[in-house]
Amino acid sequence: MLYSLRHIRAHPQLLLLTLMIFLQGSAYGSTLPYLSITAIQELGMSDQAYSVLVFVTSLCAVTISVSLGILSDLMGDRRTIIMVMAVMGAIGYGAIFLFPSIPIFIAATAIIIPFFQSVSSLIFVSVRAETAGLPSRDGAAINATVRAFVSAAWVVMPAAVGFAFASSASMMGAWGVAALCALLISLSSAFLPARPAPDRIAGTSRAGFFSALSELATPLMLARAVSMALLTGTIRLASTVWPLILISDLGGKTGDVGIVAGLIALFEIPFMLIWASLLKRLNILVILAIGGLLYAAFMAMLTLATSPWQLYALTIPAAAGAAALLSMPLTYFQDLFPGRPGLGTSFNPINSFLGNGLTAIVFGTGAHLFGYSGTAWLGVAMALAGIFGLVILEKRRPTVA
């Protein structure tokens with residue numbers, strides 16, 4: 001744990017990248033908690049229109065992130081890509097802040113801001129490139145430690161923004177904060193080295209791009225993506241289910257939801273650092289399996305709770321499991337393509353997209369047929385299925401240059 005922090009502090013480029021990922025998390029943490037409230041209640045979008053917006057935004061984000069991840073390997077100069085994409089974020093967030101209306105909100109959220117969302121993937125590609133000379137487990141530990149700063153931003157920003165604009169009739173100021181974060185990322189990226197990737201893929205850009213894309217679409221790789229999505233999708237499912245159980249079944253209050261969510265996010269940070277340090281002794285698949293089992297146990301115990309205070313106690317296993325499932329998949333995918341961090345990182349937005357889709361299907365079906373507690377048990381089944389799939393597929397791990 002301390003080794004990773006010391007290494008980041010001793011290397012200015014890693015320290016700068018860590019600052020940039022914190023700013024990226026701050027932009028998300030400023031706006032995402034208030035996205036539905038602002039769109040529906042403040043601007044007057046319908047529930048159906050908002051649902052379509054979320055789907056289109058997710059589709060655009062995964063398409064852009066995968067494409068730019070591959071292109072970053074081909075082009076080599078990730079600094080320019082990050083700088084431009086961050087400026088896109090400043091324009092998108094700034095447009096919503098300065099010109100609040102439904103058309104501007106839809107255009108910025110669905111078309112412009114997804115370009116900014118790709119910045120996080122590109123930052124982690126750069127982190128991987130900076131640690132390429134280290135032993136693989138040391139590099140993975142640093143990767144996971146940097147990921148902890150995203151959680152740190154989520155602990156700070158939602159509450160800070162909510163407090164700052166509590167007396168205002170509008171939450172549009174949150175988008176102004178996000179625009180500032182994006183602008184700071186763009187300015188910070190100017191200090192990154194402009195160098196070609198040492199392992200730049202030979203051949204034309206078009207041939208290299210479609211060749212890399214075809215590697216993502218092989219049956220084995222798609223099976224890995226689905227297995228990981230089943231495992232990590234439990235976090236999204238639980239985040240939907242436990243507030244409903246807390247309020248509807250246990251008689252909790254809205255304030256309890258905020259406190260429990262904050263505690264989980266807070267506890268995730270030390271657990272991410274712990275998992276990062278354990279990478280020196282444990283295989284990453286073992287950590288993913290342990291994290292998945294811990295999160296499955298949290299979801300199972302969630303169904304047995306009879307009082308709100310018990311959910312507070314469950315924040316510890318929830319945070320321990322979520323920390324592994326949030327911080328390890330990126331390194332897992334990058335390890336599949338050790339010479340091309342952009343290609344490996346491209347799996348992360350695919351995993352997020354698939355996880356969101358699986359969560360929507362499981363929640364929609366489970367809540368209708370089995371209620372909220374029954375849906376939580378479906379989440380347990382998702383976690384176990386994901387672990388089983390990854391373990392089976394590990395025996396067929398490819399050797400990719």
So, the side chain of [X] versus the backbone of [Y]: is there a donor-acceptor pair under 3.5 Å, distance only?
{"X": "Ser118", "Y": "Phe115", "value": "yes"}
{"X": "Thr234", "Y": "Leu231", "value": "yes"}
{"X": "Tyr34", "Y": "Pro158", "value": "yes"}
{"X": "Thr375", "Y": "Ala367", "value": "yes"}
{"X": "Tyr332", "Y": "Met228", "value": "no"}
{"X": "Arg9", "Y": "Leu15", "value": "no"}
{"X": "Thr303", "Y": "Ala300", "value": "yes"}
{"X": "Asp256", "Y": "Lys253", "value": "yes"}
{"X": "Ser186", "Y": "Ala182", "value": "no"}
{"X": "His11", "Y": "His7", "value": "yes"}

Using side-chain heavy atoms (C-beta onward) and a distance below 4.5 Å, is [X] in contact with [Y]?
{"X": "Leu273", "Y": "Thr145", "answer": "yes"}
{"X": "Arg224", "Y": "Glu394", "answer": "yes"}
{"X": "Trp154", "Y": "Tyr28", "answer": "yes"}
{"X": "Phe124", "Y": "Asn348", "answer": "no"}
{"X": "Met85", "Y": "Ile185", "answer": "no"}
{"X": "Leu16", "Y": "Ser188", "answer": "yes"}
{"X": "Leu250", "Y": "Gln310", "answer": "no"}
{"X": "Phe363", "Y": "Tyr372", "answer": "yes"}

Measuring from [X]:[atom1] to [Y]:[atom2], what's the distance to the nearest 0.5 Å?
{"X": "Phe149", "Y": "Leu23", "atom1": "CZ", "atom2": "CG", "answer": "12.0 Å"}
{"X": "Glu42", "Y": "Phe105", "atom1": "CD", "atom2": "CZ", "answer": "9.0 Å"}
{"X": "Arg78", "Y": "Ser121", "atom1": "CZ", "atom2": "OG", "answer": "12.0 Å"}
{"X": "Ile247", "Y": "Trp242", "atom1": "CD1", "atom2": "CH2", "answer": "8.5 Å"}
{"X": "Phe271", "Y": "Leu326", "atom1": "CZ", "atom2": "CG", "answer": "13.5 Å"}
{"X": "Met382", "Y": "Leu230", "atom1": "CE", "atom2": "CG", "answer": "5.5 Å"}

Aromatic ring proximity Phe116/Tyr93, centre distance under 6.0 Å
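Ring-ring flag for Phe116/Tyr93: true, centres closer than 6.0 Å.
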
Taking everything shown except [X] itself, do over 12 heavy atoms lie less than 6.0 Å from its [atom1]?
{"X": "Phe353", "atom1": "CZ", "result": "yes"}
{"X": "Phe388", "atom1": "CZ", "result": "no"}
{"X": "Phe22", "atom1": "CZ", "result": "yes"}

Going through the checks in order, is the side chain to side chain contact (heavy atoms under 4.5 Å, CB included) test met by Leu53 and Met45?
CA-CA 10 Å; Leu53 175 63; Met45 287 184 67; 4.1 Å; yes

Nearest heavy atoms of [X] and [Y], plus distance in Å:
{"X": "Ala108", "Y": "Pro114", "value": "O-CD, 4.1 Å"}
{"X": "Gly292", "Y": "Ala383", "value": "O-CB, 4.0 Å"}
{"X": "Met157", "Y": "Ser30", "value": "CE-OG, 3.2 Å"}
{"X": "Ala320", "Y": "Trp275", "value": "O-NE1, 2.9 Å"}
{"X": "Ala95", "Y": "Ile104", "value": "O-CG2, 3.6 Å"}
{"X": "Gly94", "Y": "Ala179", "value": "N-CB, 3.7 Å"}

With a 3.5 Å cut-off and no angle check, do the side chains of Ser65 and Gln117 form a donor-acceptor pair?
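On atom types as modelled, these side chains do not qualify, holding no pair under 3.5 Å.
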
Classify the side-chain pair Thr131/Asp138 by whether it contains a donor and acceptor separated by less than 3.5 Å.
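There is no such pair (donor and acceptor under 3.5 Å, judged by atom type) between the side chains of Thr131 and Asp138.
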
Hey, mind stepping through Ile21 and Ser120 against side chain to side chain contact (heavy atoms under 4.5 Å, CB included) and telling me if it holds?
CA-CA 6 Å; Ile21 201 65; Ser120 60; 3.9 Å; yes

Can you list the steps and then say if Val62 with Ser352 is a side chain to side chain contact (heavy atoms under 4.5 Å, CB included)?
CA-CA 8 Å; Val62 70; Ser352 179; over 6 Å; no

Please identify which of these residues, Thr331, Asp335, Asn143, meets the side-chain hydrogen bond (donor to acceptor under 3.5 Å, both in side chains) condition with Arg128.
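Exactly one candidate clears the test, Asp335.
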
Audit row: Val241, Arg236, side chain to side chain contact (heavy atoms under 4.5 Å, CB included) steps and yes/no
CA-CA 9 Å; Val241 169; Arg236 299 174 182 87; over 6 Å; no

